[in-house]
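Residue numbers count from 1 along this sequence. Computed over heavy atoms, backbone and side chain alike; hydrogens, waters and symmetry mates excluded.
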Amino acid sequence: TSLGHEVAVDHYLAPGSGPHPAIVLLHGSGGLHLFFGQGIQAYAQALAGSGYDAFVVHYYDGTDTFIADDDEERKKFFDWVHIVSDAVSWIEKQPTVRPRQISVLGHSLGAYLAVGVAAADRRIAAAVILSGGLDPVLLDSIKRTPPMLIIHVDRDEVVPISAELGVARLLFKRRLPSTLRA
């Protein structure tokens, strides 16, 4: 439960009894409906098969969102960061999870949220950012982050590579651990 709403979390179990490191996966603005969630779910299955407990957080559930546009993303960004942080509180209590080894992986809007969650929640051990960036409202507030892997393709038609370069520049300038792959 977060912000007074039930929030679904899909749990993809790693083989073996565990406990395992965990990865929280965050979808893009299309949500998890129809074909939009297939990529995140495929990542979750692959990560579970590689020994991680993977958790797909339906963070839109906490704000009654179906698909988000730019205005809704700006209005609900911090609510979604809060929801993901609440999900981390639930995830760290799962018996198959190593509570000090919870990372976050986000794609597109989920990548922007992953940066926000990683900067705000000290429990996050690492972050992977796929085709995302840094919400400008966070620019002055980021003082620490866990290690980040930033991945972007040069032909992204939605999120320009400059968005992720901005994250990389900020992390480099503040001497925060990161790696950029384009």
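- For the pair I23 and V128, the minimum side-chain heavy-atom distance is 4.5 Å or more.
- Between E73 and A68, the shortest heavy-atom contact is OE2-O, 3.7 Å.
- When side chains are defined from C-beta on, T63 counts as touching W80, because their heavy atoms get closer than 4.5 Å.
- The CG atom of L130 sits 10.0 Å away from the OG atom of S108 when rounded to the nearest 0.5 Å.
- Of the possible polar contacts, one joining the Y59 side chain to the H27 backbone as a donor-acceptor pair under 3.5 Å is found.
- Contact between A8 and D61 at its shortest, heavy atoms only, is N-OD2, 2.9 Å.
- Taken to the nearest 0.5 Å, the CD atom of Q94 stands 9.0 Å off from the CG atom of D53.
- A heavy-atom distance below 4.5 Å is not found between the side chains of R123 and I102.
- V88 has its side chain within reach of D121: a pair of non-hydrogen atoms, C-beta onward, lies under 4.5 Å apart.
- Contact detail for I83 and G62: the closest heavy-atom pair is CD1-CA, 3.6 Å.
- Residues L3 and H82 form a side-chain contact, since some pair of their non-hydrogen atoms from C-beta on lies under 4.5 Å apart.
- Side-chain contact between D10 and H58: present, with at least one pair of heavy atoms (C-beta onward) separated by less than 4.5 Å.
- Looking only at distances, no side-chain donor or acceptor of H5 sits under 3.5 Å from a matching main-chain atom of Y60.
- Scanning both residues, G51 and A14, for their nearest heavy atoms gives C-CB, 3.5 Å.
- In this structure the side chain of H11 reaches within 4.5 angstrom of the side chain of T96, judged on heavy atoms.
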